[in-house]
Each structure stands twice: as structure tokens, then as C-alpha cells.
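Whatever order the structure lists ligands and atoms in, that order sets their numbers, starting from 1.
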Amino acid sequence: MRHINSKTGLFCVIGDPIEHSLSPIMHNSVFEKLNLNYVYLAFKIKKEELEDAVKAFRILAHGFNVTIPHKVSIINYLDEISKEAELIGAVNTVKVYKNKLIGYNTDGIGAIKALEEKTSIEGKKIVIAGAGGASRAIVFQLALRDCEITLVNRTYKKAVYLAKEVDEKLNKKIKTEELSKLKEIIKNADIFINTTSVGMYPNTNETLLLAEDIPEKIVVMDIVYNPLKTRLLKEAEKAGAKTIDGLGMFVYQGAEALRIWLGIEPPVDVMRNAVLKALVGS
Ligand code: ATR
């Protein structure tokens with residue numbers, strides 16, 4: 001059992017809502033395992049409180065994670081941001097270093113690490129559903145690699161805007177299609193990534209694809225981790241396809257944050273088990 005004392009350092013996550021965040025359980029499992037004198041808490045911070053909260057954390061914390069709805073607006077209060085965070089236009093990790101606040105985005109790296117555990121990326125045809133915040137992080141990270149990306153989204157305009165932005169910033173062409181074309185274009189893809197909230201608790205019966213639409217040779221990744229086995233992943237299993245659940249991305253984005261904050265090599269198995277236990281117990 002770790003003891004909190006007058007030298008205990010603070011990390012935290014800020015967002016609204018925040019009470020269901022599994023980040024405290026994940027990060028505290030690391031501090032416990034490695035016997036590091038830090039604690040990780042969650043703070044519910046409303047939009048209008050963000051500026052004051054950041055001022056306080058500059059003094060109080062070693063670093064913090066940022067989640068909905070602050071991932072974009074936080075940039076206004078930081079001193080520097082990484083190349084990735086600048087490309088993505090969002091920050092999920094802040095390091096307090098020598099009185100400076102430096103913003104990073106580890107979501108895309110987390111997703112790619114989870115993907116690369118099961119398959120290679122180079123030369124692959126990747127279809128991504130969704131054009132929201134999570135999609136931006138993954139699309140920009142993948143756009144830096146040698147792969148062919150097709151983006152589909154319910155609001156087609158948003159997919160087109162994102163593709164245009166990637167082209168402008170990285171000179172990389174991304175195809176876009178209407179969501180209704182997904183069944184058709186998936187036939188020719190190697191990897192499908194769902195970044196939409198379709199299938200997330202409480203709408204667990206929803207899926208963008210059924211087993212009959214999913215080719216056997218494809219790898220299907222869902223970034224939703226509540227539930228861990230989404231309807232989409234069940235359908236993909238039925239079709240005989242390889243599946244990747246949302247736990248990997250969550251754990252790896254957290255591991256990358258710990259590397260940035262503390263320069264440690266995080267025990268990802270400990271992190272995964274802590275989150276898994278919390279998910280099963282919830
Ligand atoms: P996040 O930060 O998790 O990516 P977000 O920015 O709100 O969240 O994006 C949610 C994504 O899920 C969007 O691509 C959204 O599509 P729209 O751009 O059309 O809103 C997608 N999404 C949410 N519910 C959906 C549904 N029922 N069917 C299809 N797409 C859906």
C-alpha cells in the first residue's frame with residue numbers, strides 16, 4: 001500500500017463529465033507497481049473554469065490529461081505544443097516542465113501501437129469511420145505513414161474538411177465516401193477502424209457493419225472500450241476477421257503520457273489489467 005505524504009506529486013485528468021474516467025485507476029496502478037510517490041486524480045472542470053484550473057495546475061501538478069470538452073480549447077492556455085498536437089489541433093496530455101506547460105497528443109500514437117500489435121500498416125488500405133476528435137488524432141498519425149486512407153462519416157462534409165486539412169498540412173491525399181458506401185468499400189480494405197461512438201454503452205446493439213458485410217481477411221479495430229467487445233467486434237469475429245478492441249488504444253495513450261511526464265517505460269500489462277478489472281467490475 002502506497003502512503004501519501006508531503007512529497008507526493010500530483011497528476012490528474014480534467015474533463016466534464018469525468019466520473020466514469022478509468023485514467024485514475026490505470027495511472028495509479030503504475031505508481032503503485034513502480035513505487036513512485038505520485039497520485040493521479042480526476043477533476044470535473046467546466047468550460048468556464050478551464051483557465052483558472054490550468055493556472056492552478058501550473059503550480060500544483062507535474063502533468064495532466066485533458067478530455068472532452070477541453071481537448072481543443074486547452075491550447076489557448078499552453079506555452080508550447082508538440083508537432084503532433086499541432087497537426088491534430090487537440091491536446092490530451094500536458095507536461096508541466098520548468099514552469100512551462102507543454103501540450104502533446106498521444107491518442108493517435110496509442111491507436112497505432114494497438115493496431116501494430118496485430119497487423120502492419122505499411123502499404124495497407126485503411127477505412128476509417130468517423131471524423132470527430134478521436135478520428136482526427138488517428139487520421140493525422142496514419143497520414144504520416146505509407147498507407148491508403150478512406151474516410152467515411154455520417155456528416156459527409158466533416159470527412160471532406162478533414163481530408164482537405166490533411167492534404168494542406170501533410171500533402172497527403174485521403175479519399176472520402178458517404179457512410180452509406182461503407183459496405184461496398186470495405187470489401188476492398190485491409191483494415192477498418194471505427195472511431196464513431198456507434199455501439200458505445202448504452203447503445204450496445206448498434207453497429208456500422210454486420211458479419212455478412214465483413215470480409216474474412218480484414219482487421220477490424222473499434223476504439224470504443226465500453227463495452228470491450230462491441231457489437232461490431234462480435235460481428236467481425238463471426239465473419240472470421242481479426243479484431244482489436246478499444247482497450248489497447250486507451251492503455252497505450254496512457255503509457256505514452258507516462259513516458260512524456262516521467263521518462264519511464266510503463267508496465268503496460270499492469271495498466272491493462274487494472275482497466276480490465278474496473279471494466280468487468282462496473
Ligand atoms: P470523439 O471525440 O470521441 O471522436 P466526436 O468528436 O463527438 O467524439 O465524434 C463522434 C463521431 O461519431 C462523429 O464522426 C459522429 O458523426 P457526425 O460527424 O455525423 O456527428 C459519429 N457518430 C456518432 N453517432 C453516430 C451514429 N449514430 N451513426 C454514425 N456516426 C455517428
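- Considering each of Asn153, Leu162, Thr195, Thr155, the one bringing a non-hydrogen atom nearest atom 16 (O) of ligand 1 is Asn153.
- Nearest protein neighbour of atom 28 (N) of ligand 1, counting heavy atoms only, is Val198 CG2, 3.4 Å.
- Contact annotation: for Arg154 versus ligand 1, heavy atoms closer than 4.0 Å belong to both the backbone and the side chain.
- Taking the charged nitrogens against the carboxylate oxygens, Lys173 and Asp167 do have a contact shorter than 4.0 Å, which makes a salt bridge.
- Looking only at atom types and distance, the side chain of Ser23 has no donor-acceptor partner in the side chain of Asn65 under 3.5 Å away.
- Annotation: atom 6 (O) of ligand 1 to nearest protein heavy atom, Gly133 N, 3.0 Å.
- A salt bridge is defined here as a Lys NZ or Arg NE, NH1 or NH2 lying under 4.0 Å from an Asp or Glu carboxylate O, and Glu235 with Arg231 meets this definition.
- Note on Lys113 versus Glu256: salt bridge recorded, some NZ/NE/NH1/NH2 to OD/OE distance being below 4.0 Å.
- Closest to atom 23 (C) of ligand 1, if we only count protein heavy atoms, is Ser197 OG, 3.2 Å.
- Ile244 and Ile138 end up in the same hydrophobic cluster when Ile, Leu, Val, Met, Phe, Trp and Tyr side chains are linked at under 4.5 Å.
- Shown here, atom 31 (C) of ligand 1 is in close reach of the protein: a heavy atom of it lies under 4.0 Å off.
- Ranking the protein heavy atoms by distance from atom 9 (O) of ligand 1 puts Gly132 CA, 3.5 Å first.
- By the 4.0 Å N-to-carboxylate-O rule, Lys169 lies too far from Glu86 to be salt-bridged with it.
- Looking at every heavy atom in both residues, Ala90 comes nearest to Asn105 through O-ND2, 2.9 Å.
- Using a 4.0 Å cut-off between heavy atoms, Ala134 contacts ligand 1 through both its backbone and its side chain.
- At under 3.5 Å, a nitrogen or oxygen of Ala131, whether backbone or side chain, sits near a nitrogen or oxygen of ligand 1.
- Taking only nitrogen or oxygen atoms, main chain and side chain alike, Leu179 does not reach within less than 3.5 Å of ligand 1.
- Remark: minimum distance from atom 11 (C) of ligand 1 to any protein heavy atom is reached at Thr196 CA, 4.0 Å.
- Geometrically, Lys95 engages Tyr97 in a cation-pi contact defined by less than 6.0 Å to the ring centre and at most 45° from the axis.
- Interface atoms of ligand 1 facing Gly130, defined by a heavy-atom separation under 4.0 Å, are 14 (O).
- Between Lys175 and Glu148, at least one side-chain nitrogen of the basic residue sits less than 4.0 Å from a carboxylate oxygen of the acidic one, meeting the salt-bridge criterion.
- Per-residue contacts place Lys158 under 4.0 angstrom from the following atoms of ligand 1 (heavy atoms of the residue considered): 17 (P), 18 (O), 20 (O).
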